[in-house]
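As structure tokens, the structure follows; a few thoughts come after it.
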Amino acid sequence: MLERVGVEDLAALFADLPAAYRDPVIELPPQLTEPELIALLEQRAAGNADPGRPNFLGAGAYRRSIPSIAAHLTSRSEFVTAYTPYQPEISQGTLQTAFEYQSVVCELSGMDVSNTGLYDVASATAEACLLAARVTKRNAVALLEPIHPGTADVVRTYAYGAGIRVDLVTSGDETTGEHACLVAQQPDFLGAIADLEPLAEAAHAAGALFVAVADPFALGLLRAPGDAGADIVTGEGRDLAGAPAYGGPSVGLFAARQQYLRQMPGRIVGRTKELEAPPDGGEPRTGYVLTLQAREQFIRRERATSNVSTAQALIALAFTVTVQALGPRGLREAAELCYQRAHAAAARVAALPGYEAPERGPWFQEFLVRGPVPAATLSAELAARGITAGLDVSDRAEPEAREALLFAVTEATPDAHVAALIEALAEIGAQA
Amino acid sequence: MLERVGVEDLAALFADLPAAYRDPVIELPPQLTEPELIALLEQRAAGNADPGRPNFLGAGAYRRSIPSIAAHLTSRSEFVTAYTPYQPEISQGTLQTAFEYQSVVCELSGMDVSNTGLYDVASATAEACLLAARVTKRNAVALLEPIHPGTADVVRTYAYGAGIRVDLVTSGDETTGEHACLVAQQPDFLGAIADLEPLAEAAHAAGALFVAVADPFALGLLRAPGDAGADIVTGEGRDLAGAPAYGGPSVGLFAARQQYLRQMPGRIVGRTKELEAPPDGGEPRTGYVLTLQAREQFIRRERATSNVSTAQALIALAFTVTVQALGPRGLREAAELCYQRAHAAAARVAALPGYEAPERGPWFQEFLVRGPVPAATLSAELAARGITAGLDVSDRAEPEAREALLFAVTEATPDAHVAALIEALAEIGAQA
Amino acid sequence: MSPMRPARRPRSEDFGARLSFDRGAPGRRAVDVPPWDGERTPLPDAHLLRDEVRLPELSQGGLVRYYTALSARNYGIDSGTYPLGSCTMKYNPKVDDLVASLPGFATAHPQSPPEEAQGTLRTLLELRHGLAEITGLPAVGLAPAAGAHGELAGVLMITRALEDRGELELRRRILVPDSAHGTNPATAAMAGFAVTQIPTGPDGSLDRATIEQELDETVAAVMVTVPNTLGLWEQGIEEVAELIREAGAYLYGDGANLNAIMGRVRYGDLGFDVVHLNLHKSFSTPHGGGGPGAGPVCCTQELAPYLPTPVLEEGADGLVRLVAPERSIGRLQQFHGNVGVLIRAYAYMRALGLEGLRAVSGQAVLNANYLRVLMHGHYDLPYDRPVLHEVVFSGTRQRREHGVRTYDIAKRLIDHGFHPPTVYFPLIVEEALMIEPTETEPPEAIEAFAEAMIAIAEESAEDPETLHGAPWTAPLGRLDEATAARRPVLRWQGGEDGE
Amino acid sequence: MSPMRPARRPRSEDFGARLSFDRGAPGRRAVDVPPWDGERTPLPDAHLLRDEVRLPELSQGGLVRYYTALSARNYGIDSGTYPLGSCTMKYNPKVDDLVASLPGFATAHPQSPPEEAQGTLRTLLELRHGLAEITGLPAVGLAPAAGAHGELAGVLMITRALEDRGELELRRRILVPDSAHGTNPATAAMAGFAVTQIPTGPDGSLDRATIEQELDETVAAVMVTVPNTLGLWEQGIEEVAELIREAGAYLYGDGANLNAIMGRVRYGDLGFDVVHLNLHKSFSTPHGGGGPGAGPVCCTQELAPYLPTPVLEEGADGLVRLVAPERSIGRLQQFHGNVGVLIRAYAYMRALGLEGLRAVSGQAVLNANYLRVLMHGHYDLPYDRPVLHEVVFSGTRQRREHGVRTYDIAKRLIDHGFHPPTVYFPLIVEEALMIEPTETEPPEAIEAFAEAMIAIAEESAEDPETLHGAPWTAPLGRLDEATAARRPVLRWQGGEDGE
Ligand SMILES: Cc1ncc(COP(=O)(O)O)c(C=O)c1O
Ligand SMILES: Cc1ncc(COP(=O)(O)O)c(C=O)c1O
């Protein structure tokens with residue numbers, strides 16, 4: 001090959017590179033063969049908590065029962081090793097599954113249109129704020145507390161670039177004519193189920209859009225934000241796609257009302273037909289294509305609705321398979337099971353002497369726990385007993401959060417873990 | 001459907017079943033949903049030894065480094081969920097991979113022909129004895145000690161039905177005119193590398209066939225039995241296919257010289273061409289089919305060469321991928337690495353005060369260890385230290401086996417396990 | 001444009017002509033082997049070592065592409081309907097593969113002391129309990145690797161029992177129905193018995209008269225498949241069992257068709273002495289293109305001492321152990337059976353429970369009968385009565401009237417997107433089309449299959465040529481099986497290059 | 001027979017017409033949900049709850065068949081050569097997926113205290129070290145989920161730095177080459193900057209004169225892709241870097257094409273201030289049909305305080321923690337980035353080491369040049385010089401002489417068994433064919449691709465119709481993209497039934 005290319009060594013191919021900087025000294029660990037690599041990473045993985053350790057963290061990532069077929073189907077190499085489907089004739093697998101995803105997201109959210117998914121719930125929510133600012137020509141957004149601090153932070157990051165002000169509000173009525181949108185999380189960051197309708201009304205009264213950040217799993221049970229008046233719905237699909245993997249990869253759901261379609265960020269797949277009938281006769285067949293690309297960076301460049309290109313297609317696929325495997329009844333049953341198990345666990349905790357589970361109205365899978373000792377102490381005591389406590393939220397303003405930990409119990413939390421928790425809490429209480 | 005079938009309930013479909021015995025009382029545990037099932041079996045799996053526990057058992061099953069692509073490719077559902085390839089036009093995947101398997105087995109064994117695999121090495125060896133009896137019209141076989149007791153036992157089982165006498169011999173010269181074949185294991189049951197050529201000569205001198213039971217991994221380093229004069233080669237492919245899974249599923253290699261082709265048991269895949277040129281023109285294309293089926297039960301019935309039908313195709317596929325992924329140099333390197341690591345470990349053991357590693361000539365991956373305490377005690381002491389000792393072979397006749405344990409160390413035995421073993425042995429020695 | 005289009009299809013590669021051995025290039029590797037940096041022990045004497053071994057040299061990507069492309073040239077149950085009669089090709093729940101591959105199960109060494117394998121052993125113990133309940137036979141051996149292996153076990157157990165009774169010299173015959181699967185007579189022969197064929201009566205059951213007259217003191221056993229390979233219940237099998245017992249012979253049951261009767265009737269209750277099951281059929285473990293399977297033998301207390309080694313025993317200490325029955329026929333495998341498959345079968349049993357297993361047999365039988373009525377009239381139905389798990393049609397009419405053979409019909413089904421049924425078996429039905437939809441095929445799939453069969457029946461009248469040349473849409477056309485057998489090419493023999 | 005054969009092909013199903021929603025039947029389920037046998041807590045008030053949700057109802061087998069069939073309608077790198085320019089579609093070692101899915105990594109909760117995530121954190125720390133070494137930029141942020149996300153991070157870091165320098169009001173422009181990927185200008189705009197396009201000179205590098213004249217106190221940054229999208233080295237980039245520094249602006253590097261120069265030259269040494277990498281390209285994590293990826297930002301010490309949150313910090317106690325840089329632009333994701341992808345990239349880096357990474361860039365560049373010489377003369381080559389990772393041909397001749405467009409050529413490649421290259425990008429090359437073979441394609445694959453391209457060049461002269469109508473052999477023919485955009489159908493809208 002070298003000869004055919006007309007050079008006598010590889011180095012010659014890099015002649016254009018400035019000689020002064022060519023072939024620098026680079027310190028990297030030595031090559032590993034596959035068995036060595038596996039051994040190393042097994043050892044690393046063992047450096048994390050034992051997967052069997054009782055863990056009651058939620059706060060944005062929840063343990064779910066994922067049907068085994070989700071991993072099975074998502075691991076098909078034709079899905080895994082494909083690029084973004086630029087050639088629809090040989091990419092119908094990616095395209096049609098993306099269309100399934102869009103359909104599922106629309107059904108769950110009660111929205112008209114969905115894109116194929118963004119990076120995660122927080123960046124999707126930030127994009128929603130930018131969209132709202134574009135269509136309302138306003139340059140402030142209101143985020144309703146309690147909202148996930150990570151979400152709020154990402155909105156601020158995107159807003160900073162766009163020159164948008166971010167206001168944290170504690171009531172929908174604080175939405176003003178300056179605000180492009182009101183953003184509310186469902187369930188909220190402390191686990192409570194929000195009544196979205198009045199919030200939507202408040203936002204609309206101020207001429208702002210209403211953006212709901214909803215847990216798609218909870219939507220198996222809770223009212224579709226679309227019905228409640230939401231204009232845009234974002235959400236996190238990771239938990240229904242597979243294990244949390246320390247927080248990513250994720251997939252940010254993004255769905256909106258029809259009128260915002262041409263303002264949406266990200267890829268969108270549309271249904272169409274062949275231009276001609278197939279060689280073996282018959283009608284032109286149905287196919288799927290990337291569409292409305294005039295919104296996108298590679299055509300619109302600096303006038304694009306977003307810069308997003310590669311997103312999280314494979315995670316969106318796993319999310320889709322899980323939701324469809326559960327089906328309409330399964331999803332409802334799973335969400336109810338989650339609700340029942342969480343409430344049963346909370347009741348057991350609250351029944352322990354010295355403990356309370358302060359409520360902020362109806363809630364879904366997360367509850368606050370205040371114990372006989374300060375939150376930090378309680379968390380440490382549980383850790384000492386091999387249990388990872390819920391997130392310490394004692395620094396928050398909400399009165400119910402005072403000295404409280406935020407515990408998550410879902411349909412997938414083993415009974416044995418809850419039992420271990422109750423026992424440990426009782427023991428800690430007794431010693432306090 | 002019921003209506004269309006013309007019955008008013010399912011029960012009616014079973015009217016032919018004798019009423020007296022219909023719908024008996026059957027005690028089975030209740031149904032489990034998928035999450036419950038996974039939880040139960042994870043708990044069961046945890047009831048076995050921790051996969052990370054140092055384990056020096058060999059004696060027929062050896063820890064191997066399996067390339068990750070073996071599991072990846074073998075899990076393709078088109079391979080996993082197909083039946084025996086009765087319809088070649090839509091079964092080329094199974095058929096062509098089986099042909100690859102046959103080719104690999106022939107190359108490793110030095111034989112002319114291979115079938116697509118039998119149940120395991122022991123049943124394959126038993127079938128080899130039956131073949132030898134058929135072609136020599138003799139009804140006794142000689143098994144050379146030390147041979148795997150499980151292999152000898154399976155030969156006896158098959159021989160019992162066929163009315164064949166099984167003699168255990170300690171030298172090739174004990175082969176007589178009564179014997180249909182001499183069977184020798186390579187490496188032998190106590191780990192030593194056999195010199196097959198004189199054995200083949202002894203067998204042939206007695207008019208018997210020579211059957212070599214060879215570890216295909218060791219054949220990456222050791223002389224091909226075919227070169228040494230073997231007429232039939234059997235072996236175990238499980239270790240190169242994946243994890244031992246408590247001993248099965250396995251795959252029994254079975255290869256032979258050309259003249260025994262029509263006496264072989266099991267399926268055989270052959271290469272052929274299309275009967276006609278393809279619709280889009282060109283020459284008839286190459287394809288693979290089950291062939292020489294006149295030997296088989298479903299045609300020959302009571303005159304078949306064997307009753308085998310379903311065998312171990314998927315394990316044979318994984319075996320093939322592993323060997324081909326290693327390739328000619330990789331297989332040699334892996335076998336040498338195994339040899340080096342085993343010998344290094346043995347040297348460290350033998351260097352410990354109070355320990356010896358009695359040799360019976362050159363060996364591959366298994367060595368005998370005699371310690372300062374009786375074999376059973378040594379094994380128990382190691383177990384108490386979280387280490388699974390080599391197999392206790394102290395009940396065997398070979399002098400080197402007296403009070404000895406048979407340790408296996410391979411290319412895949414972690415260094416840390418060997419270090420733990422040395423430390424534990426030293427400690428036990430010090431206390432003895 | 002249509003007519004021109006075929007020309008526009010670039011010549012398709014002769015994929016099968018190039019094996020992995022013919023791809024890649026010297027020096028390429030799919031994986032590397034760790035270096036040995038310790039002290040080198042000299043290798044054994046050269047005459048003990050091998051010269052070069054010829055194996056393919058491909059990059060990892062090259063090898064992955066090759067086998068991935070091969071998988072695309074295969075049809076599995078996940079590809080579509082696969083109604084192979086007698087093979088019970090049902091959908092395999094993925095969770096069964098998942099649990100069987102849990103590291104704790106997968107890495108268990110077969111020589112492990114029982115303390116280190118209780119998870120596996122207890123699982124097998126519960127599977128054994130379940131199989132005993134389902135078959136009504138109290139003793140179970142899990143060692144056999146497949147159905148035929150189970151048959152061998154069962155027949156050898158009978159052999160040894162007769163030996164203990166001192167009647168082995170006398171009883172040298174085994175009666176086998178002419179509708180039996182080939183493994184039955186083959187197994188009888190492997191165990192050294194002479195095979196006497198029993199004809200099938202007009203009702204599709206054993207001809208009672210022949211049995212009665214053949215049943216004498218030279219008969220060791222009768223091998224009966226229940227339900228039989230016609231998909232029919234063996235009428236009066238319980239009386240036949242009685243006759244056999246009186247004659248001092250044993251009744252062997254081929255339980256490969258358990259799927260039709262799971263939870264509805266039990267072999268033990270009917271008087272069977274020993275039965276083998278095909279867990280890779282009834283219990284849904286995937287067939288893998290020809291195994292692995294598992295063929296447990298279930299038997300009476302009388303035959304229990306003869307079960308193959310090992311069997312499970314729960315000790316007073318609560319530990320489950322592997323032991324050898326006192327008069328065992330011995331081992332069938334070097335180790336303990338196809339444990340990975342047995343764990344899948346256990347998972348399947350637990351996921352269904354009794355309710356589920358009864359639902360399986362119910363739906364399986366309903367589906368077979370639904371197909372029977374949908375196809376009725378379009379093909380001959382030699383035994384025209386309600387069936388159990390499968391229905392056996394005959395292509396005689398198509399052959400007689402249009403010169404179209406069942407073979408042609410099967411190949412044409414491929415063009416219609418289906419895997420063909422089992423053909424030319426059972427041998428007693430000429431031009432047999434043996435169709436087993438199984439319970440996991442939805443009604444619309446059965447209807448689509450029936451429509452395809454009906455369309456083919458019409459094609460065989462209107463355009464037999466199309467059937468003679470089928471398949472037209474498969475990766476390959478019909479293959480020359482005759483030459484394959486006459487001039488066998490059974491291995492790579494060296495060839496061209498290029499990955 | 002040939003002419004008749006198409007008729008013998010039963011009408012192929014319109015697979016895409018029926019979504020999962022249109023399959024199955026009411027009541028079918030793929031999985032069951034465990035029952036709740038505890039005490040029932042009343043559900044929230046009805047107005048908070050939803051009515052029915054419309055989702056497909058399929059059996060598990062039905063769902064598995066549907067998605068398995070869909071996978072067969074996709075082309076991936078495991079299917080064959082995938083020379084998408086700028087996308088670096090190289091083979092993805094399977095072991096990377098294996099290690100990333102180890103339970104210890106997979107189940108780690110993002111809110112875990114550091115003590116419970118050291119395995120992941122230390123792995124990320126070592127990846128960070130490696131990326132800093134490879135880019136020659138000391139500070140690295142792993143949070144960005146993809147290249148464009150990394151670009152946003154980088155530009156916002158520059159924004160904040162300018163703010164701290166009090167020059168943000170002044171510097172409102174970012175210079176972007178006309179050959180840049182669309183994400184560059186889009187990112188600049190998202191960060192609130194005006195974009196000024198810099199033309200490409202005849203040598204394929206930035207037009208120096210324009211840069212010098214545009215570089216003034218209103219310029220915040222220059223975004224340059226190195227190597228650029230023509231597959232060429234950006235001549236004199238180190239001098240341009242100097243000019244930019246003198247002008248008080250920042251040099252942003254789009255490092256998506258790192259594959260060409262890994263181990264051979266470093267962005268930091270050349271004077272780049274901040275660069276993003278596409279690990280899902282250069283580091284071989286599979287692209288998944290459109291993600292997930294990972295787009296780390298690497299920068300100078302000066303810009304380090306602005307890195308996105310979180311960054312890694314190794315404490316005196318030996319614990320690795322996630323912290324927020326003091327002047328961080330803030331978070332880019334709710335949590336810590338696409339960790340699963342980062343672990344794959346780490347595994348890839350460890351498997352190769354420096355040696356391996358240099359071999360990668362060497363082979364990638366050799367392959368691109370091999371393809372260049374093989375295709376030379378058959379297609380126009382606007383920038384006719386040795387290339388790095390990719391080569392950009394032009395279909396102008398075919399268009400001018402035969403009315404065949406690059407679009408047609410791409411579609412025809414499908415018939416020849418290849419995935420087409422990137423087309424119509426970069427925008428400065430008309431009828432662009434942007435081809436990146438990557439290092440994992442063997443010579444014979446590159447030769448086969450070149451032969452196909454040459455055959456197509458001939459076809460475009462002899463039989464342009466064949467190209468206009470291509471592809472002829474794909475699961476589908478050309479699709480009506482115009483109607484798709486004019487009358488968008490973007491979701492299932494209810495339909496027929498039947499699994
Ligand atoms: C009725 C019957 N008996 C026995 C067998 C043999 O079972 P196996 O193929 O598992 O050996 C089969 C299947 O092949 C069968 O259908
Ligand atoms: C040169 C270049 N820059 C930026 C990007 C954007 O990267 P991503 O798709 O990961 O957002 C790409 C790939 O799409 C690219 O090729």
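Chain identifiers are assigned alphabetically (A, B, ...) following the order of the sequence lines, protein sequences preceding nucleic acid strands; residue numbering begins at 1 within each chain. Every heavy atom of this structure was used, including side-chain atoms; hydrogens, water molecules and symmetry mates were not.
- For the set D:Ile237, D:Val99, D:Val341, the count of heavy-atom pairs under 4.5 angstrom toward chain A peaks at D:Val99.
- Both the backbone and the side chain of A:Val104 have a heavy atom closer than 4.5 Å to some heavy atom of chain D.
- For chain D, the nearby part of A:Leu73 is the side chain; its heavy atoms alone come within less than 4.5 Å.
- Interatomic distance, D:Gln334 CD to A:His148 NE2, rounded to the nearest 0.5 Å: 3.5 Å.
- Here the side chain of A:Thr157 pairs no donor or acceptor atom with the backbone of D:Leu332 at under 3.5 angstrom.
- Looking only at distances, a side-chain donor or acceptor of D:Asn74 sits under 3.5 Å from a matching main-chain atom of A:Thr94.
- Rounded to the nearest 0.5 Å, atoms OG1 (D:Thr68) and CD (A:Glu78) are 9.0 Å apart.
- The two residues D:Arg28 and A:Arg329 come nearest to each other via the heavy atoms O-NH2, 4.3 Å.
- Expressed to the nearest 0.5 Å, how far OG1 of D:Thr123 lies from OH of A:Tyr246 amounts to 11.5 Å.
- Using a 4.5 Å cut-off between heavy atoms, A:Pro362 contacts chain D through its side chain alone, with no backbone atom that close.
- With A:His343 contributing its side chain and D:Thr41 its backbone, the two residues share no donor-acceptor pair below 3.5 Å.
- Interface check for chain A: of the options D:Gly289, D:Ala148, D:Gly353, the most heavy-atom pairs under 4.5 Å are formed by D:Gly289.
- The parts of D:Ile77 that come within reach of chain A are both its backbone and its side chain, each placing non-hydrogen atoms under 4.5 angstrom from that chain.
- In terms of non-hydrogen atom pairs under 4.5 Å with chain A, the most contact-rich of D:Thr483, D:Leu102, D:Asp32 is D:Leu102.
- The closest donor-acceptor contact from the side chain of D:His109 to the backbone of A:Ala61 lies under 3.5 Å.
- Neither the backbone nor the side chain of D:Ala188 comes within contact range of chain A; no heavy atom of the residue lies under 4.5 Å from a heavy atom of that chain.
- The side chain to side chain donor-acceptor pair (under 3.5 Å) search around D:His181 returns D:Thr183, not counting sequence neighbours.
- Taken to the nearest 0.5 Å, the CH2 atom of D:Trp36 stands 12.0 Å off from the CD atom of A:Glu411.
- Aromatic rings of D:His280 and A:Tyr83 (six-membered ring for Trp) have centroids beyond the 6.0 Å cut-off, not under it.
- Per-residue counts of heavy-atom pairs under 4.5 Å with chain A were compared for D:Gln118, D:Arg350, D:Glu151; the largest is that of D:Arg350.
- When heavy atoms are compared at a cutoff of 4.5 Å, D:Asn92 approaches chain A solely by way of its side chain, counted from C-beta outward.
- D:Leu43 touches chain A through backbone and side chain together, each having a heavy atom under 4.5 Å away.
- At a 4.5 Å heavy-atom cutoff, the contact between A:Ile69 and chain D is made by side-chain atoms alone.
- With a 4.5 Å cut-off on non-hydrogen atoms, A:Ile268 touches chain D through its side chain but not through its backbone.
- The shortest distance between side-chain heavy atoms of D:Asp45 and A:Asp195 does not fall below 4.5 Å.
- With a 4.5 Å cut-off on non-hydrogen atoms, A:Thr291 touches chain D through its side chain but not through its backbone.
- Within the 4.5 angstrom heavy-atom criterion, only backbone atoms of D:Glu39 (N, CA, C, O) approach chain A.
- Residues D:Thr120 and A:Asn48 bring a donor and an acceptor atom of their side chains to less than 3.5 Å of each other.
- For chain A, the nearby part of D:Leu352 is the backbone; its heavy atoms alone come within less than 4.5 Å.
- Classification of D:Arg50 and A:Glu107 as a salt-bridged pair fails, no side-chain N sitting under 4.0 Å from a carboxylate O.
- At a 4.5 Å heavy-atom cutoff, the contact between D:Met89 and chain A is made by side-chain atoms alone.
- For A:Leu2, the parts lying under 4.5 angstrom from a heavy atom of chain D are both the backbone and the side chain.
- Proximity to chain D is limited to the side chain of A:Leu331, based on heavy atoms less than 4.5 angstrom apart.
- When atom types are taken as modelled, the side chain of D:Asp14 and the backbone of A:Thr286 share a donor-acceptor pair closer than 3.5 angstrom.
- Contacts of D:Pro34 with chain A are made by both backbone and side-chain atoms, with heavy-atom separations under 4.5 Å.
- Summarising the geometry, atom CD belonging to A:Glu89 is positioned 3.5 Å from atom NZ belonging to D:Lys411; distances are rounded to the nearest 0.5 Å.
- For A:Arg271, the salt bridge (Lys or Arg N to Asp or Glu O under 4.0 Å) criterion is met by no residue, not counting sequence neighbours.
- Only the side chain of A:Leu391 comes within contact range of chain D, with heavy atoms under 4.5 Å apart.
- A distance-only check finds no donor-acceptor pair linking the side chain of A:Thr272 to the backbone of D:Leu479 [under 3.5 Å].
- Only the side chain of D:Ala410 comes within less than 4.5 Å of a heavy atom in chain A; its backbone stays farther off.
- Here the closest heavy-atom approach between residue D:Gly330 and residue A:Asp153 is recorded as CA-OD1, 3.9 Å.
- If you measure heavy-atom distances from A:Leu314 to chain D, the contacts under 4.5 Å come from both the backbone and the side chain.
- Between D:Leu388 and A:Leu13 the shortest heavy-atom distance is CD2-O, 3.9 Å.
- Using modelled atom types, no side-chain atom of A:Gln92 and backbone atom of D:Pro475 make a donor-acceptor pair closer than 3.5 Å.
- When heavy atoms are compared at a cutoff of 4.5 Å, D:Asn367 approaches chain A by way of both its backbone and its side chain.
- The part of D:Pro488 that comes within reach of chain A is its side chain, from C-beta onward, which places non-hydrogen atoms under 4.5 angstrom from that chain.
- At most 12 heavy atoms of other shown residues, nucleotides or ligands fall within 6.0 angstrom of atom CD in D:Glu355.
- Summarising the geometry, atom CH2 belonging to D:Trp492 is positioned 15.0 Å from atom CD belonging to A:Gln102; distances are rounded to the nearest 0.5 Å.
- Contact of D:Tyr82 with chain A is made through the side chain alone, with heavy-atom distances under 4.5 Å.
- Under the 3.5 Å distance criterion, the side-chain polar atoms of A:Glu274 are matched with a main-chain donor or acceptor of D:Gly477.
- Within the 4.5 angstrom heavy-atom criterion, atoms from both the backbone and the side chain of A:Asp23 approach chain D.
- Residue contact with chain D, scored on non-hydrogen atoms closer than 4.5 Å, is absent for A:Val7.
- Looking only at heavy-atom pairs under 4.5 Å with chain A, the residue among D:Leu156, D:Thr107, D:Val31, D:Leu49 that has the most is D:Leu49.
- Proximity of a side-chain donor or acceptor of A:Tyr160 to a complementary backbone N or O of D:Ile329 within less than 3.5 Å is not detected.
- Both the backbone and the side chain of A:Glu42 come within less than 4.5 Å of a heavy atom of chain D.
- Closest non-hydrogen pair, A:Leu337 versus D:Pro35, comes out as CD1-O, 4.1 Å.
- For a residue to count as touching a neighbouring chain, one of its non-hydrogen atoms must lie under 4.5 Å from one of that chain's; by this rule D:Leu357 touches chain A with the side chain only.
- With a 4.5 angstrom heavy-atom cutoff, D:Pro471 touches chain A only via side-chain atoms.
- For A:Leu130, the part lying near chain D is the side chain, with the backbone staying farther off; criterion is any non-hydrogen pair under 4.5 Å.
- Both the sub-6.0 Å distance and the 45° axial angle are not jointly satisfied by A:Arg76 relative to the ring of D:Tyr67.
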